[in-house]
Undergrad: 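Quick one: this structure, given as structure tokens, is what I'll be asking you about.
Starting from 1, each residue takes its place in the sequence as its number. Being a predicted model, the structure only gives us computed values, none of them experimental.
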Amino acid sequence: MNQQSTPVYDGLIKYHRKQEYSFHVPGHKDGLVFPEKAESVFKSILSIDATEVANLDDLYHPEGILRDAQRLLAAYYETRASYFLVNGSTVGNLTMVLATCEPGDVVLVQRDSHKSVFNALKLAQVHPVFLAPSVDPSSGLAAGIELQALVECMNRYPQAKALILTYPSYYGIASQSIGPLIACAHQQGLYVLVDEAHGPHFKIGAPVPPSSLDLGADLVVHSAHKMLPAMTMGAYLHVNSTRVSLEKIESVRAMLQSSSPSYPIMASLDLARYYMAALDDIRIDRMLARRDAFVRRLCSIDGLSVLHADSNRFMLDPFKVVLQLATRENGFEVQRQLIASGIYPEMADPRHILLVLGLTEDIDYDEAFRCINQVIGQCASGTSAEQGQAPSFPKFDSLVDSYRNLAVLSSEHTELNRSVGRTAAESVIPYPPGIPIVVEGERVTEHGLELIRYWQEAGAVFQNEWINQGKIKVYQLREHHKNDT
């Protein structure tokens with residue numbers, strides 16, 4: 001197929017040029033009706049913010065430009081079928097689980113998954129078993145599930161239906177075990193669902209890690225807007241297996257997504273695929289050379305180091321740069337100072353700052369280095385400190401009871417230091433990265449409280465208003481604990 005074609009974008013431009021006046025939704029009438037103060041910013045994009053009128057196709061019954069664009073997407077990623085998502089990779093994760101699992105199914109889940117995966121488990125009413133990732137000792141960051149842990153877990157739960165993996169991590173860590181994990185799960189008949197939100201560019205080839213699509217995963221979600229030139233909320237869902245029902249995938253996606261999908265988002269998804277297909281080795285090499293020079297300069301800053309790959313355990317996405325602090329300053333404070341200087345990192349944690357680079361040669365790395373060097377120089381206190389490492393998750397864990405049984409229980413807020421042994425009635429999530437410290441339905445443990453305190457003391461922002469008041473939502477004491485017996 002001709003990867004240089006952009007059917008959705010071209011169709012919208014044709015629509016814009018042909019239409020004299022809109023007698024259909026949306027109400028801004030191609031930008032004619034809009035607040036004057038914002039007109040100059042929104043006008044051009046509103047001219048293609050259309051709906052399913054003649055020749056613009058229907059996302060849930062595509063026969064024209066959207067059908068062609070999704071076929072081009074599948075051809076580029078070499079999949080059985082690929083779909084546009086306009087509600088982010090979140091809706092992709094929900095779709096993967098709901099399309100492959102039935103209530104009560106045992107599902108093996110990487111414990112450091114995004115909150116959308118845990119929401120999918122709850123919606124699907126499955127029985128999740130959480131597998132703790134290994135931890136890289138030099139950085140304290142999760143480095144993926146080890147093969148032996150999966151084997152042990154499958155022996156304990158031979159009835160498991162699916163394995164849900166996150167690859168790469170938010171930090172760009174791509175576990176070397178991903179291929180063996182997929183192969184091992186398939187030997188036992190499990191579906192392999194991969195939240196590859198941060199890896200839509202993994203088709204580039206080395207030194208970028210391989211895509212889980214090329215390693216045989218059944219279903220894969222890509223958050224196109226995270227790493228590709230696509231609009232926010234634009235994502236892809238890929239079907240890479242004949243074991244999965246396309247009809248079920250399409251049905252679930254249509255139920256979960258808006259019935260009025262954004263055409264600018266879909267056009268940007270079409271253009272992002274086009275952009276990736278047009279990248280040649282010369283441009284990629286120039287991008288990587290400029291990136292490598294930037295990283296070498298960062299490594300020369302006192303009080304700062306950059307995370308490097310571990311050839312035995314994990315690769316790194318070169319378009320993500322993880323800064324590691326060697327002083328007593330924590331990542332959240334350094335991030336605030338970087339923002340004050342005009343540098344906006346993707347995120348921070350107690351020990352790291354994450355920079356996400358673009359797939360371009362045009363980033364002003366000189367000015368970025370100057371600002372980072374100045375901020376780190378101001379932060380350095382002259383004393384190094386052994387930074388505390390976030391405690392790891394339990395090797396295997398599950399819920400106290402089924403989602404169905406927990407749903408009928410009342411809840412209350414209790415002091416954190418009185419919550420050990422109770423069952424969490426909400427997930428405790430620092431955001432970003434959006435990975436739950438405590439999962440709704442888990443028993444609260446000293447380990448969980450240790451994690452909460454670790455993030456609190458560093459200044460993390462939680463998506464739980466009561467946590468900042470020293471409380472957590474738990475099920476009331478009359479709760480029963482099915483898994484105790």
Undergrad: Taking R297 for its side chain and F369 for its backbone only, find out whether a donor-acceptor pair lies under 3.5 Å.
TA: no
Undergrad: Check whether H225 reaches the backbone of S268 with its side chain - one donor and one acceptor, N or O, closer than 3.5 Å.
TA: no
Undergrad: If you measure only the distance, is there a donor-acceptor pair under 3.5 Å linking the side chains of S5 and N2?
TA: no
Undergrad: If you look at every heavy atom in A162 and C101, which pair is closest and at what distance?
TA: CB-SG, 4.1 Å
Undergrad: How about L237 and M96: do any of their side-chain heavy atoms sit closer than 4.5 Å?
TA: yes
Undergrad: Counting only heavy atoms not in E346 (residues, nucleotides, ligands), do more than 12 fall under 6.0 Å from its CD?
TA: yes
Undergrad: Measure from the side-chain N and O atoms of S258 to the backbone N and O of S260, and report whether any donor-acceptor pair falls under 3.5 Å.
TA: yes
Undergrad: Looking at R253 and E250, is any side-chain nitrogen of the basic one under 4.0 Å from a carboxylate oxygen of the acidic one?
TA: no
Undergrad: Measure the shortest side-chain to side-chain distance between L354 and P345 over non-hydrogen atoms and say whether it is less than 4.5 angstrom.
TA: no
Undergrad: Can you name the one residue among D310, T166, L307, V322 that meets side-chain contact (heavy atoms from CB on, under 4.5 Å) with I173?
TA: L307
Undergrad: Is the side chain of S427 donor-acceptor paired with the backbone N or O of I429 at a distance under 3.5 Å, no angle test?
TA: no
Undergrad: So which atom in P264 and which in M231 form the shortest heavy-atom distance, rounded to 0.1 Å?
TA: O-SD, 3.5 Å
Undergrad: Is it true that a side-chain atom of E457 and a backbone atom of P350 form a donor plus acceptor pair closer than 3.5 Å?
TA: no
Undergrad: Do R443 and D397 meet the salt-bridge criterion of a basic N to acidic O distance under 4.0 Å?
TA: no
Undergrad: Where the side chain of Q3 meets the backbone of A278, is there a donor-acceptor pair that is under 3.5 Å apart?
TA: no
Undergrad: How far apart are the C-alpha atoms of L228 and Y236, what are their side-chain angles, what is the distance that settles it, and do they pass the side-chain contact (heavy atoms from CB on, under 4.5 Å) test?
TA: CA-CA 11 Å; L228 308 186; Y236 303 134; 4.1 Å; yes
Undergrad: I'd like to know if the side chain of K320 and the backbone of Y170 have a donor-acceptor N/O pair within less than 3.5 Å.
TA: yes
Undergrad: Could you tell me the separation between the CD1 atom of I372 and the CD1 atom of I343, rounded to the nearest 0.5 Å?
TA: 5.5 Å
Undergrad: Can you tell me if R290 uses its side chain to pair, donor with acceptor, with the backbone of I363 under 3.5 Å?
TA: yes
Undergrad: What's the separation between atom OH in Y191 and atom CG in D218, rounded to the nearest 0.5 Å?
TA: 8.0 Å
Undergrad: What pair of heavy atoms forms the shortest contact from Q324 to S138, and how long is it?
TA: OE1-O, 4.1 Å
Undergrad: Out of curiosity, T90 OG1 to N119 CG, how far, rounded to the nearest 0.5 Å?
TA: 8.0 Å
Undergrad: For the residue pair F84 and V8, establish whether any side-chain heavy-atom pair is separated by less than 4.5 Å.
TA: yes
Undergrad: Evaluate the side-chain proximity of Y83 to L59: yes if any heavy-atom separation is below 4.5 Å, no if none is.
TA: no
Undergrad: Give a yes or no on whether a salt bridge exists between E367 and R370, defined as a side-chain N under 4.0 angstrom from a carboxylate O.
TA: yes
Undergrad: For a quick test of reading the model, state the closest non-hydrogen atom pair linking P394 to H447 and the distance between them.
TA: CD-CE1, 3.7 Å
Undergrad: More than 12 heavy atoms of other residues, nucleotides or ligands under 6.0 Å from NZ of K122: yes or no?
TA: no
Undergrad: For the residue pair I182 and I178, establish whether any side-chain heavy-atom pair is separated by less than 4.5 Å.
TA: yes
Undergrad: Quick one, D195 and S113 - any side-chain contact, counting heavy atoms below 4.5 Å?
TA: no
Undergrad: Would a distance-only check, ignoring hydrogens and angles, find a side-chain to backbone donor-acceptor pair under 3.5 Å from E426 to I472?
TA: no
Undergrad: Does a side chain donor of either E152 or Q148 reach within less than 3.5 Å of an acceptor in the other side chain?
TA: no
Undergrad: Start with the C-alpha gap between K161 and T100, add the side-chain angles, then the distance that decides, and say whether side-chain contact (heavy atoms from CB on, under 4.5 Å) holds.
TA: CA-CA 9 Å; K161 179 78 168 290; T100 56; over 6 Å; no
Undergrad: Do R273's NZ or CZ and the ring of Y76 fall within the cation-pi criteria of under 6.0 Å and 45°?
TA: no
Undergrad: Please tell me if the side chains of P168 and F202 come closer than 4.5 Å, counting only heavy atoms from C-beta onward.
TA: yes
Undergrad: Could you measure the distance from the CG atom of L163 to the CG atom of L131? Nearest 0.5 Å is fine.
TA: 7.5 Å
Undergrad: Could you walk me through whether D349 and L141 satisfy the side-chain contact (heavy atoms from CB on, under 4.5 Å) test, starting with their C-alpha distance in whole Å, then the side-chain angles of each, then the deciding distance to 0.1 Å, before giving a yes or no?
TA: CA-CA 10 Å; D349 70 22; L141 296 174; 3.9 Å; yes
Undergrad: On the 0 to 90° scale, with breaks at 30° and 60°, tag the F294-Y365 ring pair as parallel, tilted or perpendicular.
TA: parallel
Undergrad: Let me check something: any side-chain donor-acceptor pairs from residues 204-213 under 3.5 Å, sequence neighbours excluded? List them with distances.
TA:
| residue | atom | partner | partner atom | Å |
| --- | --- | --- | --- | --- |
| S211 | OG | E196 | OE2 | 2.9 |
| S211 | OG | L213 | N | 3.1 |
| S212 | OG | E196 | OE1 | 2.5 |

Undergrad: Please list, chain by chain and in numerical order, all residues satisfying side-chain hydrogen bond (donor to acceptor under 3.5 Å, both in side chains) with T79, sequence neighbours excluded.
TA: S82
Undergrad: If you compare all heavy atoms of E440 against all heavy atoms of L399, which two are closest, and at what distance to 0.1 Å?
TA: O-CD2, 3.5 Å
Undergrad: List the atom of L338, the atom of C371, and the distance in Å for their closest heavy-atom pair.
TA: CD2-O, 4.4 Å
Undergrad: Between H198 and D317, does a side-chain contact (heavy atoms from CB on, under 4.5 Å) hold up when you go through it step by step?
TA: CA-CA 9 Å; H198 293 262; D317 177 0; 5.9 Å; no
Undergrad: Is a side-chain N or O of S175 found less than 3.5 angstrom from the main chain of G144, in a donor-acceptor match?
TA: no
Undergrad: When rounded to the nearest 0.5 angstrom, what is the spacing between NE2 in H114 and OH in Y431?
TA: 4.0 Å
Undergrad: Below 4.5 Å, heavy atoms only, C-beta onward: do L246 and R80 meet side chain to side chain?
TA: yes
Undergrad: To the nearest 0.5 Å, how far apart are CD in E361 and CG in D285?
TA: 10.0 Å
Undergrad: Going by the angle between their ring planes, with limits at 30° and 60°, are Y77 and H238 parallel, tilted or perpendicular?
TA: tilted
Undergrad: Quick one: list whatever passes ring-ring contact (aromatic ring centres under 6.0 Å, His included) with F462, sequence neighbours left out.
TA: none
